[in-house]
Amino acid sequence: MDVAQSQSLHRRARGTSWYADLADLAASLRQARSLDGRLLVVGDPDDQPWHLTAHLDMFARYRCQPELAATLAGERDLLQAGDDDTVLFVSQRTASPLVLQQLDDARGRGSAVLGLCTDDEELAGVAQHCVRLGTAPLHLDGLVAGDFEVATHVFGVAAGRRPPRLSWRGRRR
């Protein structure tokens, strides 16, 4: 799926019940990011979120949003994650005990830990912000999408959107 298709899905998803959760997670990602640290994206070892990582990295370059520059993380990256890093776990599979321990350790070293999963209670207990989509189909304005990948595309576009700025008229004194 290319960026134009992802943006189309994003527009269609705005009215859904789960879109607000993805948009909130995207805002948490942008807020948690330290430009001195890394954005580490990790998933199940057999199902790495390389596509989402590529989309985030593309938004970092083309929309001049360095906070979205992402690295597909391996075990070594997680073991070295520190207080300037943000770790985003993305998987429709339940996180393994080893990955959960590594995420918890990274959080203990000061990393911000976020998650996007189907229904992983243990991950939700480790992450500061976690969206659990469940396994129900996603309804998009007449389109039924039961695919977790659709949600990751919508999330990627939401993360790449700049929050609206207040005009000088909208600012409080």
Practice problem: Nearest 0.5 Å please: distance from the CD atom of Gln92 over to the OG1 atom of Thr152. | Solution: 9.0 Å
Quiz item: Take atom CD in Gln48; do more than 12 heavy atoms of anything else shown fall under 6.0 Å from it?
Solution: yes
Self-check item: Side chains of Glu122 and Thr94 in contact at under 4.5 Å (non-hydrogen atoms)
Solution: no
Quiz item: Heavy-atom distance under 4.5 Å between the side chains of Val87 and Leu114, does that happen here?
Solution: no
When you group the ILVMFWY residues by side-chain heavy-atom contacts below 4.5 Å and let the links chain together, are [Y] and [X] in the same group?
| X | Y | answer |
| --- | --- | --- |
| Leu78 | Val126 | yes |
| Leu52 | Leu103 | no |
| Leu68 | Leu72 | no |
| Leu116 | Leu100 | no |
| Val99 | Val113 | yes |

So, the side chain of [X] versus the backbone of [Y]: is there a donor-acceptor pair under 3.5 Å, distance only?
| X | Y | result |
| --- | --- | --- |
| Arg109 | Gly82 | no |
| Asp77 | Gly74 | yes |
| Asp119 | Arg132 | no |
| Asp120 | Cys117 | no |
| Ser91 | Gly43 | no |
| Ser111 | Arg107 | no |

Exercise. Please test Thr71 against Thr53 for side-chain contact (heavy atoms from CB on, under 4.5 Å), starting from the C-alpha separation and ending with a verdict.
Key: CA-CA 7 Å; Thr71 300; Thr53 306; 5.8 Å; no
Nearest atoms (heavy-atom pairs only) where [X] meets [Y]:
| X | Y | value |
| --- | --- | --- |
| Ala70 | Asp57 | N-OD1, 3.2 Å |
| Thr86 | Ala32 | OG1-O, 3.4 Å |
| Ala26 | Ala158 | CB-C, 3.6 Å |
| Leu29 | Ala159 | CD2-CB, 4.1 Å |
| Leu22 | Phe155 | O-CD1, 3.7 Å |
| Glu67 | Arg33 | O-NE, 2.5 Å |

Self-check item: Arg38/Asp84 ion pair, N-O < 4.0 Å
Solution: no
Exercise. For the pair Leu123 and Phe89, evaluate side-chain contact (heavy atoms from CB on, under 4.5 Å) and give the outcome as yes or no after the intermediate values.
Key: CA-CA 9 Å; Leu123 175 64; Phe89 179 85; 3.3 Å; yes
Quiz prompt | Intermediate values then yes/no, side-chain contact (heavy atoms from CB on, under 4.5 Å), His129 and Asp24 | solution = CA-CA 9 Å; His129 190 164; Asp24 286 347; 3.9 Å; yes
Practice problem: For Gln101 and Asp105, test the side chains for any donor-to-acceptor distance below 3.5 angstrom and give the result as yes or no. | Solution: yes
Quiz item: Which is it for Leu88 and Val42 under the side-chain contact (heavy atoms from CB on, under 4.5 Å) test, yes or no, and what are the steps along the way?
Solution: CA-CA 6 Å; Leu88 173 64; Val42 65; over 6 Å; no
